[in-house]
Amino acid sequence: MRAPLLFLVLLAGCRSAAPEPITVADLPPEEAIRAVLDAQVAAWNDGSVRGFMEGYAQTDSLRFASRGTVRTGWDETLAGYERGYPDAATMGTLTFSELDVRLLSPDWAIVFGRWRLDRAADTPNGLFTLTMQRRPEGWRVLYDHTSTAE
């Protein structure tokens, strides 16, 4: 009877020694930032505006500038996205390219890039500049200036 009990104790000890899984917080800043942007693209392409918005800081300080309009706050930015992209057809398939991540400090970064939507009738595209902040929940977009190419 004692041998099976000893085996279980040893087995339990081995299980607790397993390494913890790597999280985004464990990644170097540039990789963590790219992971946030990759998650945004995946959420968008799954038709989830709310999932896309997880990459933004949920704060009234969020500033989103595009098409001559400035939205402030996470709720207002979400409402703007939901009005502009009410369904999967309007959302299309998003790609980010030419990403250039520049660390400004341990807690701040700026990201330059191109965006493109592939839709049945058109392919709108343009540039973006994001200011990202390392927050308790991870890297998040605090300022977004997005332009559309002619």
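Judged as a salt bridge (Lys or Arg N to Asp or Glu O under 4.0 Å), and not counting sequence neighbours, the contacts of Glu137 are Arg135. When the salt bridge (Lys or Arg N to Asp or Glu O under 4.0 Å) test is applied to Arg140, no partner is found at least two apart in sequence or on another chain. The salt bridge (Lys or Arg N to Asp or Glu O under 4.0 Å) search around Arg116 returns Asp118, not counting sequence neighbours. Taking the salt bridge (Lys or Arg N to Asp or Glu O under 4.0 Å) definition, one finds that Asp60 meets it with nothing, sequence neighbours left out.
Contact check for Leu103 versus Ile33: side-chain heavy atoms found under the 4.5 Å cut-off.
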Exercise for review: Determine, stepwise, if the pair Ile110 / Met132 fulfils side-chain contact (heavy atoms from CB on, under 4.5 Å).
Suggested key: CA-CA 6 Å; Ile110 193 162; Met132 297 185 72; over 6 Å; no
Check your understanding: Where do Leu78 and Val49 land on the side-chain contact (heavy atoms from CB on, under 4.5 Å) test, with the steps shown first?
Key -> CA-CA 8 Å; Leu78 171 63; Val49 170; 3.9 Å; yes
Practice item. Please report the C-alpha distance between Thr146 and Asp144 in whole Å, then the side-chain angles of each, then the deciding distance to 0.1 Å, and finally whether the side-chain hydrogen bond (donor to acceptor under 3.5 Å, both in side chains) criterion is met. Key: CA-CA 6 Å; Thr146 297; Asp144 181 337; 2.5 Å; yes
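Here the CZ atom belonging to Arg119 is positioned 11.0 Å from the CG atom belonging to Leu94, to the nearest 0.5 angstrom. For the atom pair CG of Leu104 and OG1 of Thr131, the computed distance is 7.5 Å after rounding to the nearest 0.5 Å.
Using a distance-only test at 3.5 Å, with no hydrogens or angles considered, no donor-acceptor pair links the side chain of Asp100 to the main chain of Glu98. Trp74 contributes a side-chain N or O that, together with a main-chain N or O of Met53, makes up a donor-acceptor pair within less than 3.5 Å. Judged by distance alone, with hydrogens and angles left aside, the side-chain atoms of Ser105 form a donor-acceptor pair with the main-chain N or O of Trp108 at under 3.5 Å.
Summarising the geometry of Ala57 relative to Leu142, their closest heavy-atom pair is CB-CD1, 3.8 Å, with the distance given to 0.1 Å. Across all their heavy atoms, Leu27 and Ala32 have their closest contact at CB-N, 4.0 Å. Val36 approaches Gly55 most closely through the heavy-atom pair CG1-CA, 3.9 Å. Summarising the geometry of Gly51 relative to Ser48, their closest heavy-atom pair is N-OG, 2.8 Å, with the distance given to 0.1 Å. Across all their heavy atoms, Arg134 and Pro29 have their closest contact at NH2-CG, 3.7 Å.
Identified under the side chain to side chain donor-acceptor pair (under 3.5 Å) test for residues 75-94, with sequence neighbours left out: Tyr56-Tyr81, Asp87-Thr90. Sorted by first and then second residue, the pairs that involve residues 32-45 and meet side chain to side chain donor-acceptor pair (under 3.5 Å), not counting sequence neighbours, are Glu30-Arg34.
Linking ILVMFWY side-chain heavy atoms closer than 4.5 Å, directly or via other members, places Leu37 and Tyr143 in two distinct hydrophobic clusters. Val41 and Trp139 fall within a single hydrophobic cluster, where Ile, Leu, Val, Met, Phe, Trp and Tyr side chains are chained together by heavy-atom contacts under 4.5 Å.
By the 6.0 Å contact criterion, CZ on Arg102 is open, its count of non-hydrogen atoms from other residues, nucleotides or ligands being 12 or less.
Among the candidates Phe112, Phe96, Trp115, the single residue satisfying the ring-ring contact (aromatic ring centres under 6.0 Å, His included) test with Phe128 is Phe96.
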